Trainee: 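Just passing along the structure, written as structure tokens.
Worth saying up front: this structure is predicted, and the values here are computed from it rather than measured. Quick note on labels: first sequence line is chain A, next is B, and so on, each numbered from 1.
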Amino acid sequence: MEYNFSEIEKKWQAYWASHGTFRADNISDKPKYYVLDMFPYPSGAGLHVGHPLGYIASDIYSRYKRQKGFNVLHPMGYDAFGLPAEQYAIQTGKHPADTTEENISRYRKQLDRIGFSYDWSREVRTCDPSYYKWTQWAFLQMFDHWYDKDSDRALPISTLAGIFEKSGNSRVNAACGAVETFSASQWNSFDEKKKREILMQYRIAYQGETSVNWCPQLGTVLANDEVKEGYSVRGGFPVEQKKMKQWLLRVSAYAERLLSDLEELDWTDSLKEMQRNWIGKSCGAEMVFKVSNGTEEHDMTIFTTRADTVFGVTFMVLAPESEWVDILTTPQQRAQVDDYLSMVKKKTERERIAETKKITGVFSGSYAINPISGNKIPVWISEYVLSGYGTGAIMAVPAHDSRDYAFARHFNLPIIPLIEGCDVSESSFDAKEGIMCNSGFLNGMPVSEAIPAAIEKIEQMGIGRRKVNYRLRDAIFSRQRYWGEPFPVYFKDGEAYAMPESVLPLELPEIDNFLPTETGEPPLARAKSWAYDGYPIETSTMPGFAGSSAYYLRYMDPGNGDALVSRQADEYWRSVDLYIGGTEHATGHLIYSRFWNKFLYDLGYVCEKEPFRKLINQGMIQGRSNFVYRIKNTNRFVSCGLKDKYDTTEIHVDVNIVENDRLDLEAFRKWRPEFETAEFELENGEYICGWAVEKMSKSMYNVVNPDMICDKYGADTLRLYEMFLGPLEQSKPWDTKGIDGVARFLKKYWRLHFSKDGKFSVNEDAPSPEELKVLHRLIGKVQSDIESFSFNTSVSAFMIAVNEFTDMHTSKRAVLEPLAILISSYAPHIAEELWGMMGHDESIAYAEFPVYEEKYTVEDSFEYPVSFNGKMRFKIRLSKSLSKEEIEKQVMEDPNFGRFIGESKVKKIIVVPSKIINIVF
RNA sequence: GCUCAGGUGGUGGAAUAGGUAGACACGCAGGACUUAAAAUCCUGUGGGCAGAAAUGUCCGUACGGGUUCGAUUCCCGUCCCGAGCACCA
């Protein structure tokens, strides 16, 4: 009987679906295990072979865990709100909901063909009102809470109003915007508008006027992680800075917890490092400098991590956007400063990044007094100081900071070295090491002691305090787009009010045009009757990460209409045990989700502090492009080996008409009309294409579709081959040419169950010791491979075992049944089919994973390589139970020993049990 | 510039509490079956040298050193590729 993969795969996929084989129960005696994939954005292009890599790995793990007796939750859904569907809608007029629906059904078909063990009854879609109800609900909770730094958690905003009424805000230690201090009586005298304005500064979801990343082409603002090097991640359009009123999430309030809780997570170091970097904690001090513009004096606060270098401050620098610029610019300097500011303003973010080496700046005309040394120092303005970090003003220590050094050199400002023996004639000395000098009371101290000593002095003098700064900014939470969650917020007297929970979900209204309005308002402004109780509703929508921040919770209890997740479901599933996805979400989704989870944890809705216990980043699968070489100005193509003889143009050719780098000439002529008359110069009768590893993309003609692989080889081959390609976490190019080896293996495995005349012939004989040895070696290997996520080496182990069983003509049930269970996580369809043929009615998915027994694999004697001075000379078979001395004795009595040792004197014999015997002379 | 990960045949990659480097697979070459092809199977396959052959021998895990009886593995330095961060004071 032939191995008919397409029939088998269809049959079992239908069986799993109709039997609900992979449905997970929220009540079970079994231990739970939650395996999650990062859900996809259903793009119009469909899946390519790179997408399922992580899904296959997580599926193998899920299937393995089921066979190990766990109640496994392995769900899938769609991150369905987003820009591309809306861009497409603008171009074509097609409603994003319709294109999204089409894309989802295409994705689903593609996913189903690969044979994943998802519990589809728990599917979620972020664009579904019954789902985004809970996204909106979470937003309302954030709107309705503030962050108390004393108890380090979110508290209801009503408690805050209560405190204000009794004692004003002076004793409140909150994560908040700039608010002036007020007393209880002042608070009580404020009108409602004023009160709401103040409360807004405390909310965790708040509205603020901030400088945002504005992308004119997309017509929306973007979060920091959606911008890379001044361009939008989606679309690659330029991004500029713009002041706008936006919704923000106070992620920064959670910075310390996001940082310290990383410790307990089982994530890779590099990913944790990325998050630490993004959070960017730095410990230092705030210090007050007296500044004077000649007519009035002010206190200006700066932030520094190098308080020890205060004696080397030779000037101060303000960010161009700093509010101090206006105060400290003297009339004589006004014209120059204004010129400088307008020059800076004209630059885009992109140019500022590109020109970081160019030094620019202008003197404000004012002076500051160094509070420690009493020196009078000039105050400059320069774009190298960022307004968004610290206080937007710095004390410059050119001797020990490279940026200050470059600035000082450029404008001829003094440089005072503060470390004994350091050379600052060519560059600054930035290292935090050495002995202090020229530094008054700090002289003679090493830097490590001088930093705390300086801060202590500053605190004693009452001119500053210890301060921790984070680079993590609040997340901008509104987008001027249509295809996203509407905000359940309306405006009264210009102030935002939350709608009651009872209106949720607040559904997206229908509109007929997805472009912004003529007045530049978001598309939702076109909706008729977009009002609540007569008041206008917020017209921007939530960003992509809103819907993906808590989806892992919703899978636990997807049908619940009364809560995001019931307490019972949450306490059973708790958190994701294994999360597999791409590294591109390191500073976006994975920060926002952790924040979102911690917020819900503070409110008591979830029981775990962290959402994802273990996280694995699968590598990218790159494309392998093929090229043909056309002689310039002709339609003649030369094979790769001959291309250097001519002046040629390299042209990408569709990898689907190339096999093993050999071009299918007929297919090539048909591929595009201009190649119809192509002529070829061949090597040995073949046209050999050039190749390169590039990103898998349409424009490079190197996209390989998993459907094609499933048609030609079957899903089991695809699954095995994707794993066989290399380590999961490594990026690697897809190259279809190796797939035959895996396909051959499955055929061989299939044939193991049939006699020569094609009859199914599994017998009941007892297995031989050799068979048991091969089997148990495989059990041990596969188990440890899956547990350490080394799926690639198990595929090799399967091949070796099947080859050995073929050589032994194994056809015994006692061997082939456990073998089917082992293979079933990797190649589930073929294993199910053979399992059924061996007489089982139940799916193999819940068969018990075979128990590894060491006794079958350990040998009582061992072959020791014997080496002389580290060089292997002969092998000797010895009993395992021998002592070191007995082994030495036997080695010396071995006839080979005399042959190799000759006249030499033995210095020592090294015996590494079960590994090697080395004789040194 | 800083941080992290990596560099092994023609290719993808095995092997690290230091112990026979190149498992497994692709590709290639040769062979069997076939009128032929596909499919399948068998043999060989890191490089050099010696040999008719079995085999022997030297060199080989980016490069240069070190520790060790023994290093792909550990340590120091250099080079290269990849990823992330990048005026964060």
Side-chain angles (χ1 to χ4, degrees), chain A residues 2 228-229 268-278 280-282 284 302-307 309 313 317 319 352-353 355-357 359 382-386 388-397 400-404 406-407 430 469-473 583-584 586-587 617 619-620 624 660-661 691 720-721 724-727 729-745 747-748 751 790 792-801 803 806 863-875 907-921:
Chain A
E2 275 297 294
K228 234 179 159 179
E229 289 171 0
T268 59
D269 290 337
S270 68
L271 190 65
K272 286 188 187 178
E273 190 63 27
M274 270 190 233
Q275 291 221 334
R276 281 190 202 106
N277 237 315
W278 192 258
K281 180 180 186 174
S282 64
I302 57 96
F303 174 76
T304 181
T305 54
R306 291 296 302 272
T309 60
V313 179
V317 189
R352 256 178 100 155
I353 291 165
E355 294 173 8
T356 50
K357 288 207 176 75
I359 294 152
S382 173
E383 58 180 334
Y384 86 86
V385 175
L386 304 177
Y389 186 78
T391 61
I394 61 152
M395 62 177 215
V397 186
H400 302 290
D401 182 286
S402 55
R403 296 152 300 178
D404 297 344
F407 194 82
D430 291 11
N469 249 327
Y470 298 92
R471 211 152 72 194
L472 185 70
R473 309 290 161 81
T583 179
E584 67 272 17
T587 50
N617 289 123
M620 287 251 280
R624 188 178 187 279
N660 292 339
D661 291 337
W691 62 274
L720 280 167
Y721 186 56
F724 185 66
L725 227 40
E729 302 191 45
Q730 189 178 302
S731 283
K732 57 237 163 191
W734 175 270
D735 189 354
T736 305
K737 79 179 179 193
I739 202 167
D740 288 320
V742 172
R744 270 196 276 271
F745 154 72
K747 279 185 210 163
K748 253 190 207 173
R751 279 202 299 269
S790 317
N792 54 329
T793 50
S794 320
V795 181
S796 297
F798 287 137
M799 291 177 176
I800 294 167
N803 278 336
T806 304
E863 206 165 59
Y864 287 81
V866 179
S867 73
F868 293 80
N869 283 348
K871 278 247 174 282
M872 220 278 287
R873 296 303 164 121
F874 65 93
K875 284 181 189 171
K907 254 194 215 157
K908 59 177 165 176
I909 298 183
I910 297 155
V911 177
V912 180
S914 83
K915 277 189 179 162
I916 200 162
I917 299 165
N918 189 33
I919 293 155
V920 184
F921 55 87

Trainee: Output all residues satisfying side chain to side chain contact (heavy atoms under 4.5 Å, CB included) with A:Ala743, sequence neighbours left out; order by chain, then residue number.
Mentor: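 Here the qualifying residues are A:Tyr713, A:Thr717.
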Trainee: Under the side chain to side chain donor-acceptor pair (under 3.5 Å) rule, collect the residues that match up with A:Arg624, sequence neighbours excluded.
Mentor: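 With neighbours one apart ignored, the set is A:Asp661, A:Asp735.
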Trainee: Need one value for A:Pro727: base, sugar-phosphate or nothing, where a base atom within 4.0 Å counts as base even if backbone is also close, heavy atoms only.
Mentor: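 Answer is sugar-phosphate: A:Pro727 comes under 4.0 Å of backbone atoms only.
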Trainee: Does the side-chain contact (heavy atoms from CB on, under 4.5 Å) test come out yes or no for A:Lys272 and A:Gln275, once each step is laid out?
Mentor: CA-CA 5 Å; A:Lys272 286 188 187 178; A:Gln275 291 221 334; 5.8 Å; no
Trainee: Give A:Asp735 one of three labels, base, sugar-phosphate or nothing, depending on what nucleic acid heavy atoms sit under 4.0 Å from its own.
Mentor: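 Contact class for A:Asp735: none.
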Trainee: Taking the C1' atom of each, how far is B:G13 from B:G46, in whole Å?
Mentor: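 Their C1' atoms lie roughly 15 Å apart.
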Trainee: Any side-chain N or O of A:Gln730 below 4.0 angstrom from OP1/OP2 of B:G13?
Mentor: yes
Trainee: Once side chain to side chain donor-acceptor pair (under 3.5 Å) is applied, do any residues pair with A:Thr806, and if so which ones, sequence neighbours excluded?
Mentor: none
Trainee: Can you see if the side chain of A:Asn792 gets near the phosphate of B:A14 - specifically, an N or O under 4.0 Å from OP1 or OP2?
Mentor: yes
Trainee: Give A:Asp404 one of three labels, base, sugar-phosphate or nothing, depending on what nucleic acid heavy atoms sit under 4.0 Å from its own.
Mentor: nothing
Trainee: Just by protein heavy atoms under 4.0 Å, how would nucleotides 23-32 of chain B read 5' to 3' in B, S and -?
Mentor: BBSSS-----
Trainee: Nearest to the side chain of A:Lys747 - B:U40, B:C85, B:A89?
Mentor: B:U40
Trainee: In terms of side-chain heavy atoms of A:Thr305, which of B:C85, B:A89, B:G13 is nearest?
Mentor: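 So the side chain of A:Thr305 is nearest to B:A89.
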Trainee: If the P atom of B:G12 is compared with that of B:U3, how far apart are they to the nearest Å?
Mentor: 30 Å
Trainee: Touch check for A:Leu725, heavy atoms < 4.0 angstrom, all strands: base, sugar-phosphate only, or nothing?
Mentor: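 Sugar-phosphate, backbone atoms only, no base.
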Trainee: Under 4.0 Å, counting only non-hydrogen atoms across every strand here, what does A:Arg473 touch: a base, just sugar-phosphate, or nothing?
Mentor: base
Trainee: Would you say B:C41 has OP1 or OP2 under 4.0 Å from some side-chain N or O of A:Arg751?
Mentor: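 Yes, because at least one side-chain N or O of A:Arg751 sits under 4.0 Å from OP1 or OP2 of B:C41.
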Trainee: Which string of ( ) [ ] | and . matches RNA chain B, if you list each base 5' to 3' and count Watson-Crick or G-U pairs only when both distances are under 3.5 Å?
Mentor: ((((.((..(((......[....)))((((((.......))))))(((((....)))))..(((((..]....))))))).))))....
Trainee: Name all residues meeting the side chain to side chain contact (heavy atoms under 4.5 Å, CB included) criterion together with A:Thr793; count only those two or more places apart in sequence or in a different chain, and write none if there are none.
Mentor: A:Lys781, A:Asp785, A:Ser790
Trainee: Using ring-ring contact (aromatic ring centres under 6.0 Å, His included) as the criterion, list what pairs up with A:Phe798, not counting sequence neighbours.
Mentor: A:Tyr826
Trainee: Once ring-ring contact (aromatic ring centres under 6.0 Å, His included) is applied, do any residues pair with A:Trp278, and if so which ones, sequence neighbours excluded?
Mentor: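 In terms of ring-ring contact (aromatic ring centres under 6.0 Å, His included), with neighbours along the sequence ignored, A:Trp278 is linked to no residue.
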Trainee: Respond yes when some side-chain nitrogen or oxygen of A:Tyr384 is under 4.0 Å from OP1 or OP2 of B:A89, and no when none is.
Mentor: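 No, no such contact exists.
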Trainee: Taking atom P of B:C85 as reference, at what distance in whole Å does atom NZ of A:Lys272 sit?
Mentor: 19 Å
Trainee: If the P atom of B:A29 is compared with that of B:U35, how far apart are they to the nearest Å?
Mentor: 24 Å
Trainee: Does a nitrogen or oxygen in the side chain of A:Ser282 sit under 4.0 Å from OP1 or OP2 of B:A89?
Mentor: yes
Trainee: Please name all residues satisfying side chain to side chain contact (heavy atoms under 4.5 Å, CB included) with A:Asn469, sequence neighbours left out, ordered by chain then number.
Mentor: A:Ser282, A:Phe303, A:Tyr389, A:Lys467
Trainee: Under a 90° cut-off about 0 for the syn range, is B:G7 syn or anti?
Mentor: anti
